[in-house]
Amino acid sequence: MDRAELSITLHRTGDEAVLRLAGEIDMLTAAQLSTVVNEVLADPPPKIELDLGGVTFCDSQGLGTLVVLSRKASHAQSLLVLTHVGDFLIRVLDITGLRSALMIRNDQPTG
């Protein structure tokens, strides 16, 4: 079995931090994601965006981590927003009932 990989790129501006994720969020990589978000929350911006466009897999540990990080951000007076959430992850969030616990902003084409 290959080791799961998660690549996280952080871009920070005055009022937001954007983390672009690529790879898998699972029991092997969830701690890595938590560490990066916790570092951002040490000096919390008003908004933290998790760009999940490159995420290919997310297990229950990954889902739990997203919910915990959303709550931590809220306690730090910051808003954690998930963007570019793939269809597979939307379905998993719907099935588990976690979609309502997370702020998801997928830009849909209008018209």
Side-chain angles (χ1 to χ4, degrees):
M1 186 171 129
D2 289 338
R3 171 147 169 68
E5 296 278 328
L6 179 65
S7 144
I8 303 173
T9 309
L10 171 62
H11 296 283
R12 195 164 184 155
T13 60
D15 59 351
E16 78 174 358
V18 178
L19 285 75
R20 287 193 172 78
L21 281 53
E24 302 181 0
I25 306 173
D26 61 16
M27 59 185 275
L28 298 174
T29 62
Q32 177 189 352
L33 176 58
S34 290
T35 299
V36 174
V37 173
N38 286 330
E39 287 170 2
V40 170
L41 288 174
D43 179 19
K47 178 180 164 192
I48 300 171
E49 176 184 330
L50 293 185
D51 181 340
L52 303 182
V55 172
T56 56
F57 177 79
C58 185
D59 71 1
S60 59
Q61 181 89 26
L63 293 174
T65 298
L66 292 174
V67 172
V68 167
L69 292 175
S70 180
R71 289 191 183 135
K72 279 187 175 180
S74 181
H75 287 299
Q77 308 296 310
S78 188
L79 178 63
L80 184 80
V81 180
L82 308 182
T83 61
H84 304 111
V85 182
D87 290 342
F88 81 95
L89 191 49
I90 291 286
R91 278 197 302 277
V92 170
L93 291 171
D94 283 340
I95 290 167
T96 57
L98 291 175
R99 188 171 180 175
S100 60
L102 297 165
M103 171 79 63
I104 298 172
R105 209 170 270 151
N106 274 355
D107 296 330
Q108 300 296 333
T110 54

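Numbers for residues simply follow the sequence, beginning at 1. Keep in mind that this is a model prediction, so the values were computed, not measured. As a basis for the values below, the full set of heavy atoms in this structure was taken, side chains included, without hydrogen atoms, waters or symmetry mates.
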Query raised in the report: Are Leu52 and Val67 co-members of a hydrophobic cluster defined by side-chain heavy atoms under 4.5 Å apart?
Result: yes
Query - Check: Ser74 side chain, Ser70 main-chain N or O, donor-acceptor pair, under 3.5 Å - result: no
Report task. Hey, could you give me the CG/CD distance between Leu28 and Glu5, rounded to the nearest 0.5 Å? Result -> 10.0 Å
Query - Working for side chain to side chain contact (heavy atoms under 4.5 Å, CB included), residues Thr56 and Glu24 - result: CA-CA 6 Å; Thr56 56; Glu24 302 181 0; 3.6 Å; yes
Indicate every side-chain donor-acceptor pair of residues 81-91 with a distance under 3.5 Å to a residue at least two apart or in another chain.
residue : atom : partner : partner atom : Å
Thr83   : OG1  : Glu49   : OE2          : 2.8
His84   : ND1  : Asp51   : OD1          : 3.1
His84   : ND1  : Asp51   : OD2          : 3.3

Query raised in the report: Pro44: what forms a side-chain contact (heavy atoms from CB on, under 4.5 Å) with it, not counting sequence neighbours?
Result: Leu41, Ala76, Ser78
Report task. Identify whether Phe57 and Leu98 are in the same connected component of the hydrophobic contact network (ILVMFWY, side-chain heavy atoms under 4.5 Å). Result -> no
Report task. Hey, could you give me the CD1/NZ distance between Ile48 and Lys72, rounded to the nearest 0.5 Å? Result -> 11.0 Å
Requested in this report: Step by step, work out the side chain to side chain contact (heavy atoms under 4.5 Å, CB included) result for Leu33 and Val37.
Outcome: CA-CA 6 Å; Leu33 176 58; Val37 173; 4.0 Å; yes
**Report entry** Derivation and outcome, side chain to side chain contact (heavy atoms under 4.5 Å, CB included), residues Asn38 and Thr35
**Finding:** CA-CA 5 Å; Asn38 286 330; Thr35 299; 5.8 Å; no
Query raised in the report: Linking I/L/V/M/F/W/Y whenever any side-chain heavy atoms sit under 4.5 Å apart, do Ile25 and Val18 land together?
Result: no
Report task. With side chain to side chain contact (heavy atoms under 4.5 Å, CB included) as the test, would you mind laying out the steps for Leu50 and Leu66 before giving the verdict? Result -> CA-CA 9 Å; Leu50 293 185; Leu66 292 174; 3.7 Å; yes
For residues 7-16, dump all side-chain donor-acceptor pairs below 3.5 Å to protein atoms at least two apart in sequence or in another chain.
residue : atom : partner : partner atom : Å
Arg12   : NH2  : Asp43   : O            : 2.1
Thr13   : OG1  : Glu16   : O            : 3.3
Glu16   : OE1  : Lys47   : NZ           : 3.4

Report summary line: The reported gap from CG in Leu21 to CG in Leu6 (rounded to nearest 0.5 angstrom) is 5.0 Å
**Report entry** Same cluster (ILVMFWY, side-chain, under 4.5 Å), Met103 and Leu19
**Finding:** no
